[in-house]
Amino acid sequence: MQTLLPKEIINGPNFIGGKWVEGLAGSISVLSPYNNQQIGQVSIPSLEQIDLAIQVASTAQVTWGKTPAKERAKVLFNLRTILLREMDSIAHLKSAECGKTFAEAKAGLMKGIEVLEFALSIQNLDLGGKVEVSRGVTCEYKREPLGVVANITPFNFPAMVPMWTIPIALALGNSYIWKPSDKTPLTAIKIANALKEAGLPDGVFTVLHGGETTVNAIIDHPLVKAIGFVGSTKIAKIVYQRGTHLGKRVLALGGAKNHIILLPDANPELSGVGISDSFTGCAGQRCMAASVLLAVGNVEAHIEKIIARASSLKLGEDMGALITKEQKQFLVAAIERAEKSGAKILLDGRKTPAPVGSMAGLTTGLSAGNWLGPTVLDVVQTGTEAATNELFGPILSIIRCKDISEALRIENSIPYGNACSVFTSNGALADRVINEASTGMVGVNVGVPVPREPFSFGGINASKFGQGDITGHQSLDLWSNTKKITTKWELQSDSNWMS
Ligand code: NAD
């Protein structure tokens with residue numbers, strides 16, 4: 001066990017105007033999924049404090065927005081250096097509050113740093129252009145910041161998901177309000193401190209804690225021009241509707257139910273590792289995790305390899321814990337319900353031993369944590385909970401299919417649309433899945449098909465509300481306006497009524 005829980009309770013105030021400010025509207029306890037013991041608490045700002053924070057952010061944005069893009073990128077370059085220096089301590093905190101393994105916590109931060117590296121080249125990206133459209137007349141466009149923008153993030157990636165938006169929104173000259181998950185709000189302390197040390201002017205970056213009340217106050221504030229959200233579909237829809245009702249730009253990413261289509265000609269080694277790692281990584285708590293395996297024809301040898309790899313994982317070492325006790329209870333009950341509806345349990349994570357031992361300075365041992373091992377359910381029937389609902393845990397539901405057409409029909413019937421992967425050695429069949437999957441992201445022999453920079457991340461259907469994507473080139477449109485300018489300096493003899 002590499003993760004060390006903090007020895008003392010961490011106090012997380014709000015970050016307003018470059019200072020740590022205690023919220024006046026109560027507090028939230030943070031429990032570690034490793035043992036359900038309190039490791040921290042954050043204070044919730046009052047409505048007056050939220051209003052003040054956003055006003056301060058708006059004032060700070062005026063200067064930041066006028067700072068040349070290259071200078072803004074220099075601050076982000078400093079941030080990269082600091083995050084790399086602080087990598088281990090951030091990863092420790094992330095795993096303590098989120099239940100991740102240390103390796104996963106580090107990998108998530110590294111992925112966030114890749115987004116930051118993309119944002120560092122902001123002046124080389126699509127910031128504008130100019131063309132002579134007729135003699136003596138030019139049209140140009142330039143990107144302008146929106147002002148104050150906000151982002152609301154989920155529990156499962158306390159650094160990576162916020163880092164999808166922080167560097168790009170700041171690089172484009174906005175002030176940024178972050179409402180971290182109420183379950184994993186502590187990592188925000190490290191990121192705010194890193195931005196301050198990097199030289200970001202006070203007020204440009206703000207952290208406000210809380211839940212629904214804080215989120216609503218942020219969305220409703222007239223100075224907040226755009227809102228990014230990542231979380232469950234239920235809340236994504238609420239946030240999207242509330243923000244767009246007020247005429248604001250909103251991109252809200254929701255939940256997922258991702259399918260992997262496994263064909264008999266797939267490389268068994270590649271599929272064994274790719275599929276096992278996809279449903280067990282982050283204890284299945286990621287929106288790109290495999291949830292349903294559409295097993296086409298005879299793929300028994302492949303399934304054996306998936307199970308062999310998954311069953312070798314040790315809780316607390318290779319796999320982390322579930323976020324809450326309630327989520328564990330929900331998943332245990334979901335496995336029971338699947339069994340009752342006819343599913344056969346090929347691998348039972350309820351029997352996987354919890355890690356033993358206790359942590360330095362803590363009275364509660366690891367056995368009190370929210371542990372559930374990899375679980376594989378076979379002959380799951382379409383239409384049942386295990387086949388259709390997002391469970392958000394290390395559970396793989398196998399649905400048997402006679403051919404690829406049936407597999408695609410099942411995949412297409414799900415309202416979500418984040419990711420679908422196919423494991424095959426046949427290029428034509430892979431192309432068919434690429435073309436017919438009802439998802440924003442597709443993998444070929446890749447279990448977690450997250451696009452890497454400069455490509456954009458984003459699903460479709462009930463996995464995303466709003467236009468565009470949250471990272472990569474597409475994200476520039478989320479956090480900026482393009483201003484179009486048409487210019488003429490002299491009267492030309494051939495000018496017409498338009499130019
Ligand atoms: P959640 O929807 O419960 O919470 C997300 C955020 O919304 C948190 O900051 C939370 O404090 C806030 N919130 C909760 N209730 C609210 C309300 N009534 N009004 C306004 N804000 C509210 O999600 P979660 O449990 O933290 O995260 C897991 C979910 O996130 C899963 O469904 C997962 O698929 C999804 N997710 C999606 C992506 C993606 O890119 N599509 C990425 C990561 C996670």
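Remember, it's a predicted structure, so these values are computed and weren't measured experimentally. As the structure lists them, so they are numbered: ligands from 1, and atoms in each ligand from 1.
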Count the heavy atoms belonging to other residues, nucleotides or ligands that lie under 6.0 Å from CZ of F455, then report whether that count exceeds 12.
-> no
Are side-chain N/O atoms of E197 and N193 paired as donor and acceptor at under 3.5 Å?
-> no
Sub-4.0 Å atoms of ligand 1 with respect to non-hydrogen atoms of G255 = 32 (O), 34 (O)
Atoms of ligand 1 under 4.0 Å from any heavy atom of N418, numbered from 1 in the order shown, are 41 (N)
Going by distance only, is there an N or O of N156 that falls short of 3.5 Å from an N or O of ligand 1?
-> no
For ligand 1, which atoms have a heavy atom of W164 less than 4.0 angstrom away?
-> 40 (O)
What residue and atom, counting heavy atoms only, is the protein's closest point to atom 10 (C) of ligand 1, and at what distance?
-> D182 OD1, 3.5 Å
Does NZ or CZ of K100 lie under 6.0 Å from the centre of the six-membered ring of F157, at an angle within 45° of the ring axis?
-> yes
Are any of the N or O atoms of N216 closer than 3.5 Å to those of ligand 1?
-> no
Is R350 atom CZ crowded by more than 12 heavy atoms from other residues, nucleotides or ligands, each under 6.0 Å away?
-> yes
Closest non-hydrogen protein atom to atom 3 (O) of ligand 1, residue and atom name please, with distance?
-> S232 OG, 4.1 Å
L253 neighbourhood, listing ligand 1 atoms whose heavy-atom distance to it stays under 4.0 Å = 39 (C), 40 (O), 41 (N)
Do me a favour and list the nearest non-hydrogen protein atom to atom 34 (O) of ligand 1 with residue, atom name and distance?
-> E390 OE2, 2.6 Å
Donor-acceptor pair between R249 and N481 side chains, under 3.5 angstrom = yes
Close side-chain approach of Y240 and F229, heavy atoms under 4.5 Å = no
Kindly indicate whether the side chain of I323, heavy atoms from C-beta on, has any atom under 4.5 Å from the side chain of N156.
-> no
Winner among A289, P154, G254 once heavy atoms are compared against atom 37 (C) of ligand 1 | G254
What protein heavy atom is closest to atom 13 (N) of ligand 1, reported as residue, atom name and distance in Å?
-> I235 CG2, 4.0 Å
Among protein heavy atoms, which sits nearest to atom 8 (C) of ligand 1, and what does the distance come to when rounded to 0.1 Å?
-> T153 O, 3.2 Å
Taking atom CD of E22 as the centre, does the number of heavy atoms from other residues, nucleotides or ligands within less than 6.0 Å exceed 12?
-> yes
Subset of ligand 1 atoms that lie under 4.0 Å from at least one heavy atom of K179 = 8 (C), 9 (O), 10 (C), 11 (O)
W178 vs T153 side-chain heavy atoms within contact, under 4.5 Å = yes
Ligand 1 N/O within reach of T233 N/O, cut-off under 3.5 Å = no
Enter the distance from L186:CG to H209:NE2 here, rounded to the nearest 0.5 Å.
-> 7.5 Å
Atoms of ligand 1 under 4.0 Å from any heavy atom of I152, numbered from 1 in the order shown, are 6 (C), 7 (O), 9 (O)
Quick one: nearest non-hydrogen protein atom to atom 38 (C) of ligand 1, plus distance?
-> C287 SG, 3.1 Å
Any idea which protein heavy atom is nearest atom 35 (C) of ligand 1, and the distance to it?
-> G231 O, 3.1 Å
Can you tell me if A236 has a non-hydrogen atom under 4.0 Å from ligand 1?
-> no
Under 4.0 Å to a heavy atom of S181 - the qualifying atoms of ligand 1, by number = 9 (O)
Residue and atom name of the nearest protein heavy atom (relative to atom 7 (O) of ligand 1), distance in Å to one decimal | F229 CE1, 3.3 Å
Given R286, E212, K257, K234, which has its nearest heavy atom closest to atom 19 (N) of ligand 1?
-> E212
Closest to atom 24 (P) of ligand 1 among W178, F155, Y416, F457 (heavy-atom distance) = F155
Do F205 and W64 make the cut of ring centroids closer than 6.0 angstrom?
-> no
Are any of the side-chain nitrogens in E453 or K111 under 4.0 Å away from the carboxylate oxygens of its partner?
-> yes
Are any of the side-chain heavy atoms of S291 and E390 separated by less than 4.5 Å?
-> no
